[in-house]
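First comes the structure, then the notes that go with it.
Computed from a predicted model, the values in this text were never measured in an experiment. For the numbers below, each heavy atom of this structure counts, side chains included, while hydrogens, waters and symmetry mates do not.
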Amino acid sequence: MELPFVESYKIKMVEPLRRSTRAERETWIKAAHYNLFNLRSEQVFIDLLTDSGTGAMSDRQWAAMMMGDESYAGASSYYNLKAAIQNILGFDYFLPTHQGRAAENVLFSVLIKEGDIIPGNSHFDTTKGHIEFRKAMALDCTIDEASDTQKELPFKGNMCLNKLANALSEHHEKIPFVLITITNNTAGGQPVSMECIRNVRALADKYKKPVVVDAARFAENAYFIKTREKGFEHKTIKEIVKEMFSYADAMTMSSKKDAIVNIGGFVAMRHKDWFDKASVFNIMFEGYVTYGGMSGRDMNAVAVGLDEGTEFDYLETRIKQVAYLGEQLDKYGIPYQRPAGGHAIFVDAKKLLSKVPREEFQAQTLGVELYLEAGIRGVEIGAILADRDPLTRENRYPELEMLRLAIPRRTYTNNHIDLIAAALKNVYDRCDTITHGYKIVKEAPIMRHFTVELAPVDS
């Protein structure tokens, strides 16, 4: 008989989880103003808020941390990370930062000015926030098919080349660079094909525009290229990664994702003049150029994580667990962004809670219901995250209204996944009775979803 697929690791340390009662959860979520970010970690049983910094590091990473060099300048840990970035990603210049949004802040301080337009295949929350904070515009050029959650496409995160070409033709004087996000988080953790990356590079070259990659989940993207794109089936993940980044002038990285660490990030680039300009901002915002907001031990862990995170066996285990959750939801007929993405399942809240008005935030409502059901915390990827239009201050309502269930790396077993699916089924079974959601009572002027306060809408 065929042997079943099993994880490519064994468990060496565990952390206890506490089960809570529904009455406790009702009290806690009310005190949190119905914002799942405001919950304390001990009030959550299975935490799927994010896969950013929430995974389990390996024995090699922990060993590397013990060898961390904490010198303020010129630490050996910096040069370990520099070598890993050169060897695996192919960039000669880099600046360490404390996480991905800091990397965006440093690079965008060099590249973006007021009035600019940044075309890309969706811009996630911090990316859009950093663009709009600078009074520039994030122009979404994702393919239209990404908004149909039930349509099966191998590379649903792709840039629409026609949209990009039109943007470059019409606004080329206002476009400082083209942004590619791999994988496309906003569209459901969907990958971008190598063919698309090449074509984006060619279009950018036509208008003499650089290409920047938001690379938080680059290794997962490479896995999908290997398993779905013709001509790459016999290439290693590292070979695919090298080719992906060969089409980029720079990248921003949240190491908390595909480098499998709890904190850290970096900017990597090809151009010495970009490095020199960015170094000034890195020193202002983060720290000296050879530590930039990171400890030596953390830089060592990132260096090892970049190596481990670009190995096929690890990626296969990671991505198949996400797919397994999708398979369980298929059994119950629960709609989600298909096919299953690289780091999360994005449940289609618009379809599940069709009786809840969009103004009452369907995905947030679904997230609260799932938490009340079983203590499972996801995150809204919908109208609250989409924020307000910077000019009109009206709420933006995106095509996709989804609850993201992000799976931490090497953290939960498939027994946990089964519980997640069963809890969602229980919510699904009573979704016709859920007719009202939430209203905003307090919000920040930008990136409001992190700290927004909500109240139930009276029935």
Side-chain angles (χ1 to χ4, degrees), residues 51 89-90 100 104 118-124 127-128 138-149 151-165 167-168 177-205 209-233 235 237-254 257-258 268 309-310 315 318-319 322-323 337-344 346 381 399-400 402 404:
D51 63 319
L89 309 179
E104 292 172 337
I118 317 300
N121 59 325
S122 304
H123 308 70
F124 202 58
T127 314
K128 183 183 287 186
L139 180 64
D140 187 5
C141 295
T142 308
I143 58 173
D144 291 337
E145 293 89 338
S147 62
D148 182 353
T149 61
K151 190 176 184 67
E152 295 268 0
L153 286 175
F155 294 101
K156 213 171 183 179
N158 275 358
M159 189 100 70
C160 174
L161 298 175
N162 288 335
K163 291 180 184 178
L164 178 61
L168 287 165
F177 61 88
V178 177
L179 182 70
I180 307 175
T181 303
I182 54 174
T183 56
N184 186 329
N185 192 358
T186 308
Q190 296 296 314
V192 179
S193 70
M194 190 74 81
E195 179 184 25
C196 179
I197 295 170
R198 287 191 197 119
N199 288 334
V200 168
R201 175 82 254 183
L203 266 175
D205 285 345
K209 301 296 180 183
V211 173
V212 175
V213 174
D214 176 349
R217 298 176 181 89
F218 74 93
E220 292 173 10
N221 201 86
Y223 174 89
F224 286 120
I225 288 174
K226 178 176 175 64
T227 56
R228 294 181 182 176
E229 191 165 359
K230 186 176 179 181
F232 291 92
E233 57 271 21
K235 291 185 178 292
I237 297 296
K238 285 182 170 63
E239 287 171 337
I240 294 168
V241 165
K242 267 287 183 67
E243 180 172 346
M244 284 194 309
F245 287 121
S246 72
Y247 303 113
D249 295 273
M251 61 172 283
T252 58
M253 178 67 181
S254 171
K257 283 83 167 177
D258 275 357
T310 49
L315 286 164
R318 193 275 189 288
I319 291 172
V322 177
Q337 176 67 293
R338 308 178 65 89
H343 70 286
F346 289 66
I381 308 292
E399 282 292 317
L400 296 173
M402 300 186 290
R404 187 185 74 175

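The environment of Glu239 atom CD is dense: over 12 non-hydrogen atoms of other residues, nucleotides or ligands sit within 6.0 angstrom.
Taking every heavy atom of both residues into account, Leu139 and His123 meet most closely at O-CE1, 3.2 Å. The heavy-atom pair separating Glu145 from Leu153 by the smallest distance is CB-CD1, 3.4 Å. In plain terms, the two heavy atoms of Ala219 and Gly309 that are nearest each other are CB-O, 3.2 Å. Of all the heavy atoms in Gly342 and Val322, the pair that sits closest is O-CG2, 3.6 Å. For the residue pair Thr310 and Lys238, the shortest heavy atom distance occurs at OG1-NZ, 2.9 Å. Closest non-hydrogen pair, Gly157 versus Val192, comes out as O-CG2, 3.4 Å.
Between the CG atom of Asp258 and the CZ atom of Arg318 there is a distance of 7.5 Å, given to the nearest 0.5 Å. Taking CD1 from Ile319 and OG1 from Thr183, the interatomic distance works out to 8.5 Å, rounded to the nearest 0.5 Å. Here CZ of Arg217 is found 11.5 Å from CZ of Phe224. Values are rounded to the nearest 0.5 Å. Here the straight-line distance linking atom CG of Asp140 with atom OG of Ser122 works out to 4.0 Å at 0.5 Å rounding. Between the CD1 atom in Ile225 and the CZ atom in Phe232 there is a gap of 6.5 Å [rounded to 0.5 Å]. Rounding to the nearest 0.5 Å places OG1 of Thr149 at 6.0 Å from CD of Gln337.
The list of salt bridge (Lys or Arg N to Asp or Glu O under 4.0 Å) pairs with a residue in residues 222-231, not counting sequence neighbours, is empty.
Proximity of Met159 to Val178: side-chain heavy atoms (C-beta onward) are separated by under 4.5 Å at one or more points. Between Asp51 and Lys257, the closest side-chain pair of non-hydrogen atoms falls below 4.5 Å. Annotation: side chain of Asn185 is in contact with side chain of His343 (closest heavy-atom distance under 4.5 Å). Looking only at side-chain heavy atoms (C-beta outward), Ile381 and Phe124 come within less than 4.5 Å of each other. Arg201 is not listed as a side-chain neighbour of Ile180, based on a closest heavy-atom distance of 4.5 Å or more. Between Leu164 and Asn199, the closest side-chain pair of non-hydrogen atoms is not below 4.5 Å.
Applying the side chain to side chain contact (heavy atoms under 4.5 Å, CB included) criterion to Cys160, with sequence neighbours excluded, gives Ile143, Asn162, Lys163. Remark: Glu104 pairs with Thr126, Thr127 by the side chain to side chain donor-acceptor pair (under 3.5 Å) rule, at least two apart or across chains. Scored by the salt bridge (charged side-chain N to carboxylate O under 4.0 Å, His left out) test, Glu233 finds no partners at all (sequence neighbours excluded). Every ring-ring contact (aromatic ring centres under 6.0 Å, His included) that Phe177 has, sequence neighbours left out, goes to Phe108. Every residue meeting the side chain to side chain contact (heavy atoms under 4.5 Å, CB included) condition with Ala215, not counting sequence neighbours, appears here in chain and number order: Val213, Phe218, Phe245, Met251, Met253.
At distances below 3.5 Å, not a single donor-acceptor pair connects side-chain atoms of Glu220 with backbone N or O atoms of Pro191. Looking only at distances, a side-chain donor or acceptor of Asn184 sits under 3.5 Å from a matching main-chain atom of Asn121. For the pair Asn158 (side chain) and Ser193 (backbone), a donor-acceptor distance under 3.5 Å is present. No donor-acceptor distance shorter than 3.5 angstrom exists from the side chain of Glu152 to the backbone of Arg338, with no hydrogens or angles considered.
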**Q.** From CA spacing to verdict: salt bridge (charged side-chain N to carboxylate O under 4.0 Å, His left out), Lys209, Asp249
**A.** CA-CA 10 Å; Lys209 301 296 180 183; Asp249 295 273; over 6 Å; no

